**Student:** 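The structure that follows is given in the form of structure tokens.
For the numbers below, each heavy atom of this structure counts, side chains included, while hydrogens, waters and symmetry mates do not. Worth saying up front: this structure is predicted, and the values here are computed from it rather than measured. If you read the sequence from its start, that first residue is 1, and numbering goes on from there.
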Amino acid sequence: MNIQLADVYPCCPMTCRPIGDLCAEPLIAMLDRCAAHPVYRALNEGRPEKMGEYRGISEAEALRRTRELGNQCLWCDEFFTKYAPELLHRGGATERGVVDLK
């Protein structure tokens, strides 16, 4: 986890959106919410290619997309915006405008 001002990110502040806002939710509540989720467990283990397994996205597919996109961070953004947008906090100044990865 990474904290920038009130925004809490799953790994770094370059993630497309934070997972929460400390002005709206206590950090312990965010950590409890994320602790058992397979996406955040995969990130915590340093295995972003395993984030999508719970949604049927194989490790091989994630590695393929990582290679096509050029790095793991772009795969992470694509995964969150395309397959798991409900896991990210939608509001706040850190949102990258109205443009999302498609």
Side-chain angles (χ1 to χ4, degrees):
M1 299 255 169
N2 187 300
I3 299 172
Q4 298 291 317
L5 301 175
D7 294 318
V8 179
Y9 294 88
C11 52
C12 76
M14 294 306 295
T15 305
C16 59
R17 289 198 179 97
I19 61 167
D21 176 356
L22 291 173
C23 294
E25 182 181 15
L27 181 59
I28 295 300
M30 276 184 247
L31 295 173
D32 286 344
R33 177 169 47 84
C34 296
H37 198 284
V39 167
Y40 298 116
R41 284 196 350 243
L43 287 173
N44 192 49
E45 293 167 4
R47 301 295 307 270
E49 65 277 3
K50 293 182 151 289
M51 290 186 305
E53 287 183 341
Y54 86 107
R55 290 261 164 101
I57 302 167
S58 70
E59 182 177 354
E61 174 64 11
L63 289 170
R64 183 187 69 76
R65 283 302 291 150
T66 296
R67 282 190 302 276
E68 288 176 358
L69 293 166
N71 66 53
Q72 289 179 335
C73 295
L74 292 176
W75 161 243
C76 191
D77 281 352
E78 180 178 280
F79 173 79
F80 277 115
T81 57
K82 189 172 183 179
Y83 301 105
E86 73 282 358
L87 297 179
L88 298 176
H89 180 68
R90 287 275 179 200
T94 59
E95 184 176 335
R96 291 184 184 163
V98 296
V99 178
D100 272 330
L101 298 172
K102 300 291 180 206

**Student:** Calculate, to the nearest 0.5 Å, the distance between atoms CE and CD1 belonging to Met30 and Ile28 respectively.
**Tutor:** 10.0 Å
**Student:** Which pairs of donor and acceptor atoms, one on a side chain in residues 37-45, lie under 3.5 Å apart (sequence neighbours left out)?
**Tutor:**
from, atom 1, to, atom 2, distance (Å)
His37, ND1, Val39, N, 3.1
Tyr40, OH, Leu87, O, 2.9
Arg41, NH1, Ala36, O, 3.0

**Student:** Between Tyr54 and Ile19, is there shared hydrophobic-cluster membership here, with clusters defined by ILVMFWY side-chain heavy atoms closer than 4.5 Å?
**Tutor:** yes
**Student:** Where is the tightest heavy-atom contact between Pro48 and Trp75, given as atom of each residue plus distance?
**Tutor:** O-NE1, 3.5 Å
**Student:** On a heavy-atom basis, which atom in Arg17 and which in Leu88 lie closest, and how many Å separate them?
**Tutor:** O-CD2, 3.4 Å
**Student:** Nearest 0.5 Å, please: how far is NZ in Lys50 from CD1 in Ile57?
**Tutor:** 13.5 Å
**Student:** By the ring-ring contact (aromatic ring centres under 6.0 Å, His included) test, which pairs, at least two apart or in different chains, include something from residues 10-35?
**Tutor:** none
**Student:** Nearest 0.5 Å, what's the CG-SG distance between Leu5 and Cys23?
**Tutor:** 9.0 Å
**Student:** Taking all non-hydrogen atoms of both residues into account, name the closest pair between Gly52 and Phe79 and its distance.
**Tutor:** CA-CE1, 3.4 Å
**Student:** With sequence neighbours excluded, what pairs up with Glu49 under the side chain to side chain donor-acceptor pair (under 3.5 Å) test?
**Tutor:** Arg47
**Student:** Flag yes if more than 12 heavy atoms outside Ile3 fall under 6.0 Å of its CD1 atom; otherwise flag no.
**Tutor:** yes
**Student:** I need the minimum non-hydrogen distance between Leu22 and Val8, along with the two atoms involved.
**Tutor:** CG-CG2, 3.7 Å
**Student:** To the nearest 0.5 Å, how far apart are CD in Glu68 and CD in Glu78?
**Tutor:** 8.5 Å
